[in-house]
Structure formats: C-alpha cells, structure tokens
Asks: 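Below: one structure in structure tokens.
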Amino acid sequence: QAQLSESGGGSVQPGGSLRLSCKASGEDISKSCMGWFRQAPGKKREGVAHIPGGGGLAYYISAVKGRFTISQDTATNTVYLQMSGLKPEDTGMYYCAADYGDCRSYMVVEWFESWGQGTQVTVSS
C-alpha cells in the first residue's frame, strides 16, 4: 500500500495556473493507476484525471480537457496535475489516489485504495 502526499495547491485568480504534485512512498507507482479527484463543499467527490503509473494513455473528464494535464515520473515516484485556465468551478480539495491495478475507462471513487490527505485549490477574483 502506497502512502501519498499532495502539494501545490493554493489560491489563484480565474485564468491562472497551478501544478499539483503527489509523491508516493511504500509502493512503486508503476504498479497502479494513479488518479486525481476533487471535492467541493457539499458535492460528491469526482474523478478528474488518471494515468497508468508506468506511463501511458491519460483520461480526463470533459470539464477539464484542454486545460489540465496529468503526468507521471517513475524515477521520483511522483504524479503531477498541471492546471491552466482555472475557473471558479475548479475550486475544491484535490486528492491523489492509487488503484492497484490497470486504469479503466472511467473513474469510480471506490476503485481507488490509497489516498492522500488533499490539497486545497481555490479559484476566485
């Protein structure tokens, strides 16, 4: 089981950018599907993007396509989420998570077995 730790959140104006990082320890991310989720107050946690920990085809929800990029680096056991063109509706707590298996065609919270504690992203003017 991996231990995951997110960083890089903060407050930004609409149109701004942030890069989130997720450092994993205890397990090699190449064995897992690595995902980013987010949760706004009063809303369900939703998957944002995922990528095979060893590299490969990334998945994005339609709301973030063209604005967010997920990437991974097996050498440092780190997953990133580069966020550009941020909108107020992107505000929420962002969580890194690992599903100990292959990535699937969409994201379900219950499939992911290890979670970080989250990093807050706030987009406002």
Side-chain angles (χ1 to χ4, degrees):
Q1 297 282 347
Q3 292 78 53
L4 306 176
S5 181
E6 305 97 334
S7 62
S11 296
V12 66
Q13 295 184 88
S17 298
L18 288 170
R19 189 175 82 152
L20 308 183
S21 298
C22 171
K23 294 186 180 295
S25 60
E27 295 289 342
D28 190 340
I29 64 169
S30 67
K31 302 175 182 178
S32 301
C33 178
M34 303 300 300
W36 286 96
F37 291 76
R38 66 186 181 188
Q39 188 168 24
K43 300 296 182 70
K44 293 171 60 178
R45 190 169 300 188
E46 66 172 349
V48 175
H50 71 222
I51 192 168
L57 184 64
Y59 161 89
Y60 304 91
I61 55 169
S62 60
V64 307
K65 284 183 178 178
R67 300 189 297 118
F68 291 12
T69 301
I70 188 170
S71 60
Q72 46 67 237
D73 185 349
T74 56
T76 58
N77 228 30
T78 303
V79 181
Y80 302 96
L81 187 68
Q82 176 67 51
M83 306 185 295
S84 300
L86 283 162
K87 304 175 180 180
E89 52 263 46
D90 295 318
T91 293
M93 187 71 72
Y94 281 69
Y95 299 91
C96 179
D99 171 11
Y100 297 109
D102 294 336
C103 288
R104 315 192 206 198
S105 58
Y106 58 103
M107 300 176 73
V108 173
V109 167
E110 288 77 12
W111 292 344
F112 286 76
E113 298 168 301
S114 293
W115 293 83
Q117 291 192 282
T119 186
Q120 178 68 37
V121 172
T122 302
V123 185
S124 67
S125 58

Asks: Filter on ring-ring contact (aromatic ring centres under 6.0 Å, His included), then keep only pairs touching residues 31-83, sequence neighbours left out; what's left?
Replies: F37-F112, F37-W115, H50-Y59
Asks: For E110, check side-chain hydrogen bond (donor to acceptor under 3.5 Å, both in side chains) against everything at least two apart and list the hits.
Replies: none
Asks: Can any side-chain N or O of E6 pair as donor or acceptor with the backbone N or O of T119 at less than 3.5 Å?
Replies: no
Asks: Hey, does V123 have a side-chain heavy atom less than 4.5 Å from the side chain of E89?
Replies: no
Asks: Atom CE of M34 and atom OG1 of T74: how far apart are they, to the nearest 0.5 Å?
Replies: 12.0 Å
Asks: Does some side-chain heavy atom of V121 sit less than 4.5 Å from a side-chain heavy atom of M93?
Replies: no
Asks: Any non-hydrogen side-chain atom of K43 less than 4.5 Å from a side-chain atom of R38?
Replies: no
Asks: Out of curiosity, I61 CD1 to M107 CE, how far, rounded to the nearest 0.5 Å?
Replies: 8.5 Å
Asks: Under the 3.5 angstrom rule, does the side chain of Q39 hit a backbone N or O of K44 as a donor-acceptor pair?
Replies: no
Asks: Could you please spell out the steps behind the side-chain contact (heavy atoms from CB on, under 4.5 Å) verdict for Q120 and T91?
Replies: CA-CA 8 Å; Q120 178 68 37; T91 293; 4.1 Å; yes
Asks: Would the number of heavy atoms belonging to other residues, nucleotides or ligands and lying under 6.0 Å from CD of Q117 be above 12?
Replies: no
Asks: Can you give the donor-acceptor pairs under 3.5 Å from side chains of residues 12-20 to other protein atoms, not counting sequence neighbours?
Replies:
residue : atom : partner : partner atom : Å
S17     : OG   : S84     : OG           : 3.4

Asks: Kindly say whether I29 contributes a backbone atom to a donor-acceptor pair with the side chain of N77 at under 3.5 angstrom?
Replies: yes
Asks: I'd like to check Y95 versus R45 (side-chain heavy atoms, cut-off strictly below 4.5 Å). Are they in contact?
Replies: yes
Asks: Determine, using the 4.5 Å side-chain heavy-atom cutoff (strictly less than), whether V108 and L57 are members of one ILVMFWY cluster.
Replies: no
Asks: Could you give me the CA-CA distance, side-chain angles and deciding distance for D90 and R67, then say whether side-chain contact (heavy atoms from CB on, under 4.5 Å) is met?
Replies: CA-CA 11 Å; D90 295 318; R67 300 189 297 118; 2.7 Å; yes
Asks: Between atom SG of C96 and atom CG of L4, what is the distance when rounded to the nearest 0.5 Å?
Replies: 4.5 Å
Asks: Taking the six-membered ring for Trp, is the centroid-to-centroid distance between W111 and Y100 below 6.0 Å?
Replies: no
Asks: Which heavy atom of P52 sits nearest a heavy atom of G56, and at what distance?
Replies: CD-C, 4.1 Å
Asks: Enter the distance from Q72:CD to S30:OG here, rounded to the nearest 0.5 Å.
Replies: 9.0 Å
Asks: Once rounded to the nearest 0.5 Å, what's the spacing between atom OG of S32 and atom CD1 of I51?
Replies: 13.0 Å
